[in-house]
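Presented below is the structure to which this report refers.
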Amino acid sequence: MRKSRLSLFKSTSMLISVVGIIMIISTIIVVAYVGYSVVSSGITNEISSGTQYDELAELKASYGNLSVKFENVKSSYYSGGADDVKVYNDAKLELARANSAIENVQSALDAGKSSNEVDSRIDFAKEKLKTANKAYKSL
């Protein structure tokens, strides 16, 4: 009877030890996976934000060029009649909307918003810049 209790105790303690080791190993694996995911995500976000900053620079350059074009034709429209001024101001309003969209992209990048949100704001800014370009061409 004593030997069976001793045998039962040995097998139970061995089982507890094995389960404990398995739990420790599984905890280490889970922590390593989470750490890898965080580091990988951080690297991906940095790469993505670098590309987004490049796109923002392109948007600002395009806006600057278009703004100069608007200023070049401003005097000819303001020397005309009230209808010419209205047409010019309507087109200039589209340029202001494009600028607002570009500033929105800048603020999203500065605030560290998610890559998807920044991309959607960049697409919106590109759309507004195209609208402003069409408005300029219609002048």
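By convention here, the first residue in the shown sequence is residue 1. What you see below is based on every heavy atom in this structure, not just the backbone, and it leaves out hydrogens, waters and symmetry mates.
Residues Arg121 and Ser107 have side chains in contact (heavy-atom distance under 4.5 Å, counting atoms from C-beta outward). A 4.5 Å side-chain heavy-atom check between Asp119 and Ser115 finds at least one atom pair inside the cut-off. By the 4.5 Å heavy-atom criterion applied to side chains, Arg97 and Thr131 are not counted as neighbours. Residues Val105 and Tyr53 are not in side-chain contact: their nearest non-hydrogen atoms beyond the backbone lie 4.5 Å or more apart.
Between Glu94 and Lys134, none of the side-chain N atoms (NZ, or NE/NH1/NH2) sits under 4.0 Å from a carboxylate O, so this pair counts as no salt bridge. Ion pairing between a basic and an acidic side chain is recognised when a charged N comes within 4.0 Å of a carboxylate O; Glu71 and Lys92 show such pairing. One finds no salt bridge joining Lys130 and Glu127 here, because no Lys/Arg side-chain nitrogen approaches an Asp/Glu carboxylate oxygen to under 4.0 Å.
Judged purely by atom type and a 3.5 angstrom limit, Ser17 uses its side chain to pair as donor or acceptor with the backbone of Ser13. The closest donor-acceptor contact from the side chain of Ser67 to the backbone of Tyr63 lies at 3.5 Å or more, if one exists at all.
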Before you tell me yes or no, could you show the steps for Val87 and Leu139 under side-chain contact (heavy atoms from CB on, under 4.5 Å), namely the whole-Å CA-CA distance, both residues' side-chain angles and the distance that decides it to 0.1 Å? CA-CA 7 Å; Val87 167; Leu139 289 177; 3.7 Å; yes
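Around CG of Asn72, the count of heavy atoms belonging to other residues, nucleotides or ligands within 6.0 Å exceeds 12.
The ring pair (Phe, Tyr, Trp, His ring centres under 6.0 Å) pairs that include a residue from residues 110-139 are Phe70-Tyr136, where partners are two or more places apart or lie in different chains.
By the criterion of side-chain heavy atoms lying less than 4.5 angstrom apart, applied directly or through intervening Ile, Leu, Val, Met, Phe, Trp or Tyr residues, Val31 is not grouped with Val39; the two fall into different hydrophobic clusters.
Taking CD of Glu55 as the reference point, atom CG of Leu109 lies at 9.5 Å (rounded to 0.5 Å). If you take CD1 on Ile102 and CD1 on Ile122, they are separated by 10.5 Å, rounding to the nearest 0.5 Å. Rounded to the nearest 0.5 Å, atoms CG (Asn99) and CG (Leu129) are 9.5 Å apart. Atoms CG and NZ, from Asp83 and Lys86 in turn, are 8.5 Å apart once rounded to the nearest 0.5 Å. Here Leu59 contributes atom CG and Gln52 contributes atom CD; the two are 11.5 Å apart, rounded to the nearest 0.5 Å. Distance check: Ile16 CD1 to Met23 CE gives 11.5 Å after rounding to the nearest 0.5 Å.
The shortest non-hydrogen separation linking Gly80 to Asp84 is CA-OD2, 3.6 Å. Of all heavy-atom pairs spanning Ala132 and Ala98, the tightest one is CB-CB, 4.3 Å.
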